[in-house]
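Working notes for the structure below.
Keep in mind that this is a model prediction, so the values were computed, not measured. Residue numbers start from 1 in every chain, and the chains themselves are labelled A, B, ... in the order their sequence lines are given, proteins ahead of strands.
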Amino acid sequence: MAQAHPDISALEAQAGRLPDQMPHPDGGSGGIVFTDLSTCGKLNLRCASDVSSQIIRFLGASLPDKANSVTTSGERRIIWLGPDEYLVLVKTGEEDSLSSIISSALSSQHHAATIVTDALACLQLDGPAVRDVLAKGCALDLHDTKFTAGMCAQTLLASASITLLCEGDSSFRIICRTSFLDYVMAWLKDAACEYGYYVTPQSNI
Amino acid sequence: MSSQRYRLSGGTTIRTDTPLSFTFDGKSYHGYKGDTLASALIAAGVHLIGRSFKYHRPRGIMSAGSEEPNALVRVGTGAYAEPNLKATQVELYDGLIATSQNRFPSLKYDVGSINSVMSQFLPAGFYYKTFMWPASFWMTYEHFIRNAAGLGKVASDPIDPERYEKTHRHCEILIAGGGGAGLMAAYQAALSGQRVMLVDEQAEFGGWLLSDDAVKIDNMPAYDWVREMQSLLSNMDNVTLLPRTTMFGYGDHNYITLAERVTDHLSPRPSHLPRMRLWKVRVAQVILATGCIERPLVFGGNDLPGVMLASAVQSYITQYGALPGSRAIIVTNNDTAYQAALAFQNAGGFVRAIVDTRTTVKGAWVKAAKDAGIDILSGHGLTGAYGIHHVGRVEISPITADGREITGEAVHMDCDLVMMSGGLTPTVHLHSQARGKLVWDEKHLCFKPGATHEAEQSIGACNGSFALSSGLAEAIRAATKAVKSTGGTCTALSVPDVTALRINYAPMAYWKAPSQAGAGQGPKAFVDFQNDVTSADIQLAVREGYQSVEHVKRYTTTGMATDQGKTSNMNALGILADALGHEIPDVGTTTFRMPYTPTSMGMIAGRDIGGLFDAVRLTRMDSWHRAAGAKFEHVGQWMRAWYYRHDGETMEQAVTREVLAARTTAGLLDASTLGKIDVRGKDAATFLDRIYTNKFSSLAVGKCRYGLMLKDDGMVMDDGVTTRLADEHYHMTTTTGGAAGVLDWMEEWLQTEWPELDVFLTSVTEQWSVATLSGPHARAILEAADISVDLSDTAFPFMSMKQGYVSGLPARIFRISFTGELSYEINVPARYGVALWTALMKAGEAFGITPYGTEAMHVLRAEKGFIIVGQETDGTVTPLDLGMNWIVSKKKPDFIGKRALERTSMADPKRKQLVGLRTDNPDDVIPEGAHAVLDPNQPPPIDMLGHVTSSYASPNLGYSIAMALLKGGHKLIGETVWIPMLDGQKPIKAVVTDTVFYDAQGDRLNGTSSS
Amino acid sequence: MLQLPCPYCGPRDELEFSCGGEAHISRPLAHNKISDADFGEYLFLRDNPKGVFLERWRHASGCRRWFNVVRDTVSHDILEVYAMGRKPRSSAGKNAYNNSWRRTSAAEAAAVNK
Amino acid sequence: MVASEIDRGLGGLKDKKKRYSAFALARNAASYHQNWQRAWRNASPKASYDAVIIGGGGHGLATAYYLASVHGVTNIAVIEKGWIGGGNTGRNTTIIRSNYLWDESASIYEHALKLWEGLAQDLNFNIMFSQRGVLTIAHSEHELKEMSRRVHAIRLNGIDSDVMNPAEIKKFVPCINIDQSIRYPVMGGFVQQRGGTARHDAVAWGYARAADDMGVDIIQNCEVTGLRRKGRKIIGIDTNMGFIKTKKVGCVVAGHSSVMAEMAGIHLPLASRPLQALVSEPIKPILDTVIMSNAVHMYISQSDKGEMVLGAGVDKYNSYAQRGSFPVPEHMIAAAVELFPFMSRLRMLRHWGGIVDTCPDASPILSKTDIDGLYFNCGWGTGGFKATPGSGHVFADLIANDRPNNIAAPYALSRFETGFLIDEHGAAGVAH
């Protein structure tokens, strides 16, 4: 990359208004790639953990039985949010049918399957420096032996509440309320300046 | 351009292959990579560095570390300037610009030094005793005092151009201090594979070993051993090495804060790196190896440039290769200074004499000094140092064995350097910050760590173990113990063998030199150098009854300068104990607090400034509003369109246009920020009946109802419209600001008080984009926007909800109204927000649809007398105060706040109640917040009825309207009140009215009637 | 900064939690007909011990669940964490619970036999 | 409301030898300061007193002083567990103002402010009361409205208050950042010119010295271990220095009030919370006003020594540890840098914590209890220092007459039964 690294202090005034691309300061690689996955379907599921067997065949995966963990089948993610709360990520559009199927399957139990596709944004972060970037605003132990693929946590990133998913050594997902996305994105770009970053252009819905 | 006249060959950290140039007070000098500003100045023979705080006395360099009280400078220029930096801590870089402080016109000739002459009239606490007459003059006196005080000046250009960052870490073992013990502990701990962090405030690891030319570890020079350890550690990927990093804070549950200086030593500074980085580390086991600090001796003139700590002189010689003088007098109460004396002589200096306060001196080092032909004056004290801008002569007197009395004539000697050693003070700050206890060590005359509170251990000199060998042994023990307690394993290494002359370290209690002059007379003997606190000041404080350590500290300001008393606290304590006739441990010590050394505020702020200071929340239609020229208003974290300004419009004109449109044609509001909560479960109805003051179990499916929520003290908390989507399923809306609070509030009751209720709550605020279409043409516009549901009053009555499509977008349409007009709130999945908005604008174009903001919304609802929680209420208002008794169920046995409303105070006739106000002059718009009174001519304090909560010019009514909370307001309706103005204008006259100003019958809700 | 062990998510920084004050206060119902004084006690009086304190915390930026904590207000040591609706098991917690004046307060009595 | 004529007591010092003045300073300089008198005696407790004040902070010492100087009750003692002024008196950010929203608050804080004016002369001790003005900043439309409400009320109560727009603020405080593009821009403010700061330690020492001069015993390192009563009457206190007989006990122990109440078997609606503050290194004068901001939750001033003094809100949990959590100073420093960018290149020098006793309605308690002869003065939360003289003056009156005067009456404990609260919450923000 021939492009010179812009003087970050010059961007101070417009903190959080950084461009969508920031080359690595030393012209090397190792930056972060941000990809917006917000259009995927999302279902907030409230139910007792013991109903897993009843809905596993609809979900394609069992409810995570461990705290702070995620179960996966293909694109689907079932994210543990609490003792009786889960977030299900599915292909765009699948959430409507899934919610009604689950509701009927659990009709006899106390439960709630609420579509939150538009309420939550989902960002993918890839790159060797991803843990260092997150650590600037997240107090969790993000060491690659402690926060590993298949783990998740609801926590704070700077002043935004987020759900953090580890997809691999250098790959994470951040889920936050859409109203916070602008702030979260601005914060992430700013934190990633040190390593350089690239925001994948939005594919239209 | 001056040469480095006092530069020696060697210097363990000096890189002569990298010369650097810098300026001090405009004069340029040279130094090398590895220098500090202090060492480079010493190498250049510069010893006058600054002026003291109170007396503006000339000051030089006393130490070689962060304990430096004297050598404070301003570094950098313009926006990069930073005051009060310790020259001993500033790493030299090419082009460094340093300036002396607290002097005028120049460092050498400072008018402030008049205070030194006046000093007899300025004892400790003098300002408490005068400047009181005449009373009105204090501010004038103070003006001069303020200007005399303070040290450096801040940057002229206020905006800091540099970047600061923060980061979080977790590790099993953190070691503070990278000297011999610290390195040893780090290596031992690292062998376990546990995550280890080693931090040191200096640029290089090694601590005292960088200055110790006489010790061998495993038969190699100490410095080589340091390098070996360092390379071992840097090759282990479970180890994080942080030089230039100060552990400044030790918080609860081993929450450790570190300050890393990332680029301060670089030139130029890479723009992508932060200047400093704050590390917030949660640690399982902390090991403190922070070493010790040498104490100065207290004698007249001990603050002169050229009077230095003996250990510092040794550091400048051995670590930095800079010779601080040519003819030295050493004065000491212990053995350690002998090594420094020899180092000085070996470096080519001439040791005039070693003045030792002890009557009998013996041991290996004493012998070595004698063998080197150095005169030793035992049983003597240095009782005065003299010179103008530098020490030139000292007075040496024979003293009694206890050091309190002078026994004979003084001798005088010339010199250009005094090397003093008053003994060693373990650096127990962090242990104390961690709420560890301190215990008195009588042999070593110091406090050392006692019982711990957090999971931490102290090793080496900071633990009172001054001998390197015992420090290394403690390091191995502590590290293995720490590893074990973090669930790891490692086999203990054998202690490296240390070869050095044995020091029998047992200092003599000698807290201040006796003086040839009478009490309070003779040259000043300083205890706290920077704050100019003398031994006489401490004795004065005691005479005046300020006798607890804290009183002495606060009365004399000893220990309160930017060096935080690192060199002065123990001497002050010793002198205080003497004055009180107590033992030191009975006098006690002050507890240490964060920070260990002064810590950059820019770093602590980090990136939480500017646009990132706090989160901002945006709706999906935000970009449309901006494009349409909207001005925004902060509501909580949300940005809401306040009003849309057309070219040439004032705010008033814009708002008037929007308000009129909503009543004559149609207005469109982005209501997406309203809180939305999905309430489900078989007990949903029961739950809502307990949360709201009114009934929701009786609400039919598909119907909407306005509800009011109270706190348990009966005060209004929030309001909103809730709709029954199904038997066991409600859609609740809240105020924009209250959304989060209401959800938390309801969760709290569910989880803590009513766990038996089967109810799930899910926030869906952002799931829906909401456009509120309001006005007589609302129905027509929706039809034009090809809505799929029958909008007729019979099919779709007021306060009901229908699902369908608007312009092909799936929608929930609520027929509710906050304006009093025919009104629909259209909810679509948030992603369709802009699509819906533009579709409605297009469909409404022919009907004169007009987007309106929150300001117009406020006017419209005020015309109808609708309240806004947070504006008409402030946490002290009940539904009855608002005249909303109709919404408080009498039938329900209980709901949150019911019991509170039955308290005697709630029936008090003087409670403030919500009423309307109509001004006598229709054009008078009462300022919101103004207070109504019955008699404006009453002299203050005037009896107030209460304040105006909302006030607007009403374009639809053609006169101004207002709402107010007035004492006994409901009984005042019809009465005349006055509203006094701030700016001396005459009070506004108004009549108390009902709160509904417009369309009291509510005909307009169906859009048919015209008025 | 305190580190609190959320019984559901594990140890997290205090920053993620909100503190709900004294635990084990039951709410009297309106029809319990207690005096203004006793109601005022329920509303405003909170235990404020120097030492062992039973309090409620909520993992606000995590699972959003409430739980009880036995904490020493001098040492800041966390002595026990237990679920809502449970009573403390640690001896320190038990003593604090049984010796609290609230166990004998009128509001409590009214609330408990609602 | 505010009594127009305040009885300030005798004032000055009886013992002429002890009086401070420029002349005394010169005289003592001649004798090398060897002959200064003690500021107060190191008294040890007598067998009995007419009244005992527990707590040697500013409020307690002021209470004793006014009991002696206004009510002529001189056979009294002030009992202090540690060293006088060692609690919140010596740990606060010394802000003084009286621009409160509610009448009851305005009344007591203005009463205090009137006493502050001239206090140095009353006590013959320069407590450095400096009326440099207190400016409260508004950062949003909503805050501007709240501000307007506040200012109107304050003015009608006869207390000085002026509104300022950003330009005027910039002129008044040149180093402030009024850039409208920042997250919480300065949109306006109101200033009380009579407000300011004082030297906190000097307040304790000054009251102690003047009270001692009138015969009040100040007893340090004396810990109260029990409150003895016969039936519903106080008969004395047990201390580590033995039993002290007395019929009247005034508790003024701030954060430890609940502990004292426990000894008497009563309960107070208090929570003891950490309140943190910090100072920067001293610099030449740059900020001559006290600045308060609720939205960014920070207040700041520059001391005569040159240190920037910062404070913020309380920590969220109860604590008696005199220490808080790092996020509080972290946030207050970010807020300070946001409003005063020059702070970015200053360094934090000292940081500390106090224990403040906060009430549900953020207003204090000045009250009798249902035990005869036992009085409490507590619940000042973060706002106690500014009230010191008024609090002591009113509390002394309550103890001397065994009934509250019109200023104290609203602050009785009974308000938590009736619900007649003085809710400064809505108004308070950073209550300081």
Side-chain angles (χ1 to χ4, degrees), chain B residues 82-84 120-121 123 128-132 135 142 145-146 149-155 158-160 251 519-521 540 543-545 548 550-551 554 562 593-595 598-602 604-605 608-609 613-614 633-634 874-876 903-905 927-931 940-942 944 947, chain D residues 1-2 20-22 25 29 32-34 36 38-40 83 86 118 120-121 125-126 130 140-141 145 148-149 151-153 155-158 182-183 201-202 281-286 304-306 326 330 333-334 337-338 341-349 351-352 418-420 423 425-426:
Chain B
E82 187 154 346
N84 304 343
Q120 199 53 23
F121 300 97
Y128 299 128
K129 296 172 176 164
T130 179
F131 303 127
M132 286 182 276
E142 189 187 35
I145 292 173
R146 283 174 82 84
L151 284 167
K153 291 194 177 66
V154 288
I159 299 293
D160 189 336
Q521 304 170 51
L540 171 64
R543 273 200 300 285
E544 293 193 76
S548 96
E550 280 294 338
H551 280 157
R554 288 155 180 264
T562 65
R593 301 180 170 280
M594 168 178 91
T599 303
S600 161
M601 302 222 216
I604 293 173
D608 303 340
I609 52 172
F613 181 78
D614 187 16
E633 147 175 70
H634 285 278
D874 62 1
T876 69
R903 290 177 298 171
T904 48
S905 56
E928 284 175 351
H931 283 60
I942 300 178
M944 290 169 256
H947 78 289
Chain D
M1 268 303 301
V2 189
Y20 292 155
S21 67
L25 201 57
Y32 305 100
H33 303 289
Q34 300 303 301
W36 285 107
R38 292 186 60 106
W40 63 85
W83 38 281
Q121 289 67 31
F125 200 102
N126 187 358
S130 170
S140 68
E141 278 302 310
K145 288 178 180 175
S148 166
R149 176 186 180 188
V151 171
H152 279 91
R155 285 279 202 85
L156 293 173
N157 270 324
I182 65 175
R183 179 66 178 80
D201 295 324
E281 295 181 330
I283 51 168
K284 291 296 177 188
I286 184 162
D304 284 349
K305 199 178 169 202
F326 188 67
E330 198 177 9
I333 285 170
V337 171
E338 188 77 345
F342 75 86
M343 299 277 296
S344 179
R345 293 187 94 87
L346 288 190
R347 283 175 301 283
M348 163 171 66
L349 175 59
H351 162 271
W352 64 90
T418 60
F420 285 112
D423 201 332
H425 269 310

- Item | Under 3.5 Å donor-acceptor, D:S148 side chain and B:E928 backbone | yes
query = Does D:T418 reach the main-chain N or O of B:S905 with its side chain, forming a donor-acceptor pair under 3.5 Å?
reply = no
Whatever's closer than 4.5 Å to a heavy atom in chain D on B:S600 counts as both
On a heavy-atom basis, the closest approach of B:Y128 and D:A202 is CE2-CB, 3.7 Å
Most heavy-atom pairs under 4.5 Å with chain D, out of B:Q521, B:H634, B:K153, belong to B:Q521
Greatest number of non-hydrogen atom pairs under 4.5 angstrom with chain D, of B:G602, B:G545, B:P598, B:A605, falls to B:P598
B:N84 side chain to D:P282 backbone, donor-acceptor under 3.5 Å: yes
- request: Might you confirm whether atom OH of D:Y32 has over 12 heavy atoms from other residues, nucleotides or ligands at distances under 6.0 Å?
  value: no
Distance col, row D:L346:CG vs B:D160:CG, nearest 0.5 angstrom, shows 10.0 Å
To the nearest 0.5 Å, atom CZ of D:R155 lies from atom CD1 of B:I942 at 11.0 Å
Rounded to the nearest 0.5 angstrom, the CZ-CZ distance for B:R543 and D:R38 is 12.0 Å
Whatever's closer than 4.5 Å to a heavy atom in chain B on D:F326 counts as side chain
Max heavy-atom pairs within cutoff under 4.5 Å with chain B, candidates D:I182, D:V337, D:D201, goes to D:D201
* Evaluate side-chain contact (heavy atoms from CB on, under 4.5 Å) for B:M944 paired with D:N157, printing each intermediate quantity in order. => CA-CA 9 Å; B:M944 290 169 256; D:N157 270 324; 3.4 Å; yes
| query | Okay, side chain of B:R593, backbone of D:W352: is any donor-acceptor separation there less than 3.5 Å? | reply | no
Requested in this report: Evaluate the ring planes of D:W83 and B:H551, with Trp represented by its six-membered ring, and classify them as parallel (under 30°), tilted (30 to 60°) or perpendicular (over 60°).
Outcome: perpendicular
Whatever's closer than 4.5 Å to a heavy atom in chain D on B:L151 counts as both
Checked D:G86, D:A153, D:G158 vs chain B; the most non-hydrogen pairs under 4.5 Å come from D:A153
On a heavy-atom basis, the closest approach of D:D423 and B:G875 is OD2-O, 4.1 Å
Of B:A135, B:P83, B:G152, the largest count of non-hydrogen pairs under 4.5 angstrom with chain D goes to B:G152
**Request:** Indicate yes or no for a side-chain donor-acceptor contact from D:N126 to the backbone of B:K129 under 3.5 Å, with no hydrogens or angles considered.
**Result:** no
Of B:G520, B:P595, B:P927, the largest count of non-hydrogen pairs under 4.5 angstrom with chain D goes to B:P595
Chain B shares the most heavy-atom pairs under 4.5 Å, among D:G118, D:A120, D:P285, D:A22, with D:P285
If you tally heavy-atom pairs under 4.5 Å between each of B:R903, B:E633, B:E142, B:R554 and chain D, the highest tally belongs to B:R554
One should read off an interatomic distance between B:D614 CG and D:R183 CZ, to the nearest 0.5 angstrom, of 4.5 Å
Could you walk me through whether D:R149 and B:D874 pass the side-chain contact (heavy atoms from CB on, under 4.5 Å) test, one step at a time?
CA-CA 12 Å; D:R149 176 186 180 188; B:D874 62 1; 2.9 Å; yes
What one should report as the nearest heavy-atom pair of D:W36 and B:L540 is CD1-CD1, 3.4 Å
Most contact-rich option vs chain D, by heavy-atom pairs under 4.5 angstrom, among B:I159, B:T876, B:I604, B:T904, is B:I604
Can you tell me how the ring of B:H931 sits relative to the ring of D:H152, calling it parallel under 30°, perpendicular over 60° and tilted otherwise? parallel
- [ ] Look at the side chain of D:H33 and the backbone N and O of B:Q120, then say whether any donor-acceptor pair between them is shorter than 3.5 Å.
- [x] yes
When the 4.5 angstrom heavy-atom criterion is applied to B:M132 and chain D, the contacting part is both
Next item on the list: Test B:R146 against D:D304 for side-chain contact (heavy atoms from CB on, under 4.5 Å), laying out the working first.
Entry: CA-CA 5 Å; B:R146 283 174 82 84; D:D304 284 349; 2.9 Å; yes
